[in-house]
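Reading through the structure tokens given below for one structure.
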Amino acid sequence: MAARIVLAVRESQYIEPLLHYIHHNEYGRMLRITAFSRMDTFVEFMKGEEIPDAVVGDSAFIEAWLVEGRSTVPWAVLSEAGEVPGKQDGSLAGGQVIAKYQSLPSLLESILRLCDVKRSRTASIPKEETLLLGVVSASGGSGKTTLALNLAKQLGGLGLSVFYLNLESVDSSGLVMRMPPGDSPGLERLLYELKASVGEEGEARPDRLALERYAVRQDSLRSDSFRPVENFKEMLQMSLADTLDLLERLSAGGRYDVVIVDTGSIEEERAQAVLQRCGILLWVLRNDEASLYKTARWLGHCGNPNSGKLQEVPDKSRFVMNFAADSAYDRALPAGIRIDAVLPYIPSWSLPHHGELSLNSPQFVAGVLQLCAEIIEPALPRVFTGESV
């Protein structure tokens with residue numbers, strides 16, 4: 001029988017991805033969650049006759065409930081720092097402390113332990129490696145950056161550790177999100193030190209650099225990223241070897257579950273490195289003849305026996321029809337292209353200053369979540385479910 005859990009948090013955005021995740025895997029058989037983001041409705045519900053197996057929530061909600069004196073069920077405070085001020089051992093009198101922001105499997109395991117529900121399978125198997133996900137396009141104006149940013153935000157919201165890497169010559173992500181204040185060195189300094197870290201024999205020395213020094217946390221994106229490069233020339237001089245080195249360092253050590261790589265023109269060396277190294281390539285298309293034609297030509301080039309390290313590109317490629325008026329596309333698709341996901345056209349994005357809307361349009365978010373479930377989640381089975389497929 002599923003454990004009955006009451007979840008009470010301030011942010012409704014916290015609830016949706018959690019419920020979506022539970023609905024699509026085995027946790028749905030073990031947990032039945034009633035969620036609240038309003039204090040009054042939560043308190044009123046807790047006065048009712050239904051007694052849950054556990055209550056988990058922000059400290060303000062838990063305190064309001066405890067005032068009523070009905071604390072006969074297990075409960076836990078969700079703490080953004082993993083602890084409550086003054087409590088060093090992860091526990092409270094009569095309750096527990098659970099880190100609010102962690103991978104969803106770990107969060108749900110903590111809730112299961114709280115209400116003493118035993119899993120039907122063994123402990124989770126650790127993931128094997130970071131997924132490098134390249135977002136590419138054979139033509140401009142396809143919406144690569146909008147898709148890449150939404151992917152980062154939604155995967156981060158699902159509890160994964162995500163890095164968003166923008167490799168455009170001119171980083172356009174700043175039109176959608178603002179960089180946090182601070183003076184961390186950023187990608188520009190990192191590129192310089194990557195070259196300086198090459199040994200006398202031409203081999204990179206990975207122990208010389210700690211990427212944490214250069215990354216910043218984007219709370220609105222629920223991901224880490226680099227500050228944009230100010231010196232335009234630095235990006236233009238970034239070679240294929242430089243890009244491969246950077247991708248290897250981001251994927252080393254398992255710090256991130258997913259690195260989402262937002263590319264510029266596909267002819268650039270940086271984009272060629274992404275085609276070569278990333279495990280999944282999301283080709284972003286528009287429903288027009290030029291977009292389909294250029295994509296097909298590039299796939300043909302990559303699949304040619306003489307293309308060297310690009311021969312695997314067709315097998316790694318998935319295709320996203322962006323800005324679609326509906327789920328249908330009205331033209332024949334070239335050989336080698338099969339549409340794996342369709343994302344809607346959002347009319348409000350044509351308005352000035354639409355940056356925040358780009359990350360918060362319900363229809364587009366729903367399409368991105370479906371894309372994650374159908375294309376990305378199968379590549380991360382150990383991260384999402386703790387077991388291989």
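One-based numbering along the sequence shown.
- Minimum interatomic distance between R270 and L167 (heavy atoms only, all atoms of both residues): NH1-O, 2.7 Å.
- L107 and L369 fall into different hydrophobic clusters, where Ile, Leu, Val, Met, Phe, Trp and Tyr residues are linked whenever their side-chain heavy atoms come under 4.5 Å apart, directly or through other members.
- Judged purely by atom type and a 3.5 angstrom limit, N322 has no side-chain atom pairing as donor or acceptor with the backbone of R286.
- Under the 4.5 Å side-chain contact rule for hydrophobic residues, Y192 and M238 do not share a cluster.
- Checking T146 against W349 by side-chain atom types alone, no donor-acceptor pair falls below 3.5 Å.
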* Evaluation steps, side chain to side chain contact (heavy atoms under 4.5 Å, CB included), between F323 and D288 -> CA-CA 11 Å; F323 306 140; D288 61 58; over 6 Å; no

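- If you take CZ on R38 and OG on S12, they are separated by 12.0 Å, rounding to the nearest 0.5 Å.
- With rounding to the nearest 0.5 angstrom, the OG atom of S225 is 11.5 Å from the CG atom of D262.
- Inter-residue side-chain proximity for L165 and L246 is flagged as met; some heavy-atom pair is nearer than 4.5 Å.
- One distance of note links OG1 of T34 with CD1 of I5; it measures 9.5 Å at 0.5 Å rounding.
- Annotation: side chain to side chain contact (heavy atoms under 4.5 Å, CB included) contacts of D58 (sequence neighbours excluded): V9, R10, E11, F61, L78, K100.
- Shown here for A341 and I375, the closest heavy-atom pair between the two residues is CB-CD1, 4.4 Å.
- Residues passing the side chain to side chain contact (heavy atoms under 4.5 Å, CB included) test with Q363, sequence neighbours excluded: P344, I346.
- Contact record, N304 with N306: OD1-N, 2.8 Å, taken as the closest heavy-atom pair.
- For Y293, there are no ring pair (Phe, Tyr, Trp, His ring centres under 6.0 Å) partners, not counting sequence neighbours.
- A continuous path of hydrophobic side-chain contacts links I111 to I15 [ILVMFWY only; heavy atoms under 4.5 Å].
- Nearest heavy-atom pair across C278 and L132 is CB-O, 3.5 Å.
- Legend: residues meeting side chain to side chain contact (heavy atoms under 4.5 Å, CB included) with K316, ordered by chain and number and at least two apart, are L281, E312.
- Note that CG of L133 is 5.0 Å distant from CD1 of I376, once rounded to the nearest 0.5 Å.
- Considering only residues two or more places apart in sequence or on other chains, F163 meets the ring pair (Phe, Tyr, Trp, His ring centres under 6.0 Å) condition with F226, Y256.
- Taking CG from L160 and CD from Q102, the interatomic distance works out to 12.5 Å, rounded to the nearest 0.5 Å.
- Neither I266 nor V170 shares a network with the other; the hydrophobic side chains, linked directly or stepwise wherever heavy atoms of I, L, V, M, F, W or Y lie under 4.5 Å apart, form separate groups for each.
- Minimum heavy-atom separation, L333 to R338: CD1-CA, 4.5 Å.
- Relative ring orientation between F36 and F45 is described as tilted, the plane-to-plane angle lying within the 30° to 60° band.
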* Before giving the answer on side chain to side chain contact (heavy atoms under 4.5 Å, CB included), spell out for L240 and Q276 the whole-Å C-alpha distance, their side-chain angles and the decisive distance to 0.1 Å. => CA-CA 10 Å; L240 184 144; Q276 177 179 319; 4.3 Å; yes

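- In terms of heavy-atom proximity, C372 sits nearest to L155 at SG-CD2, 3.8 Å.
- Residues in residues 132-142 take part in these side-chain hydrogen bond (donor to acceptor under 3.5 Å, both in side chains) pairs, two or more places apart or across chains: S137-S142.
- The distance from atom CG of L151 to atom NZ of K144, rounded to the nearest 0.5 Å, is 13.5 Å.
- Residues L131 and V368 share a single hydrophobic cluster, defined by chaining ILVMFWY side chains whose heavy atoms lie under 4.5 Å apart.
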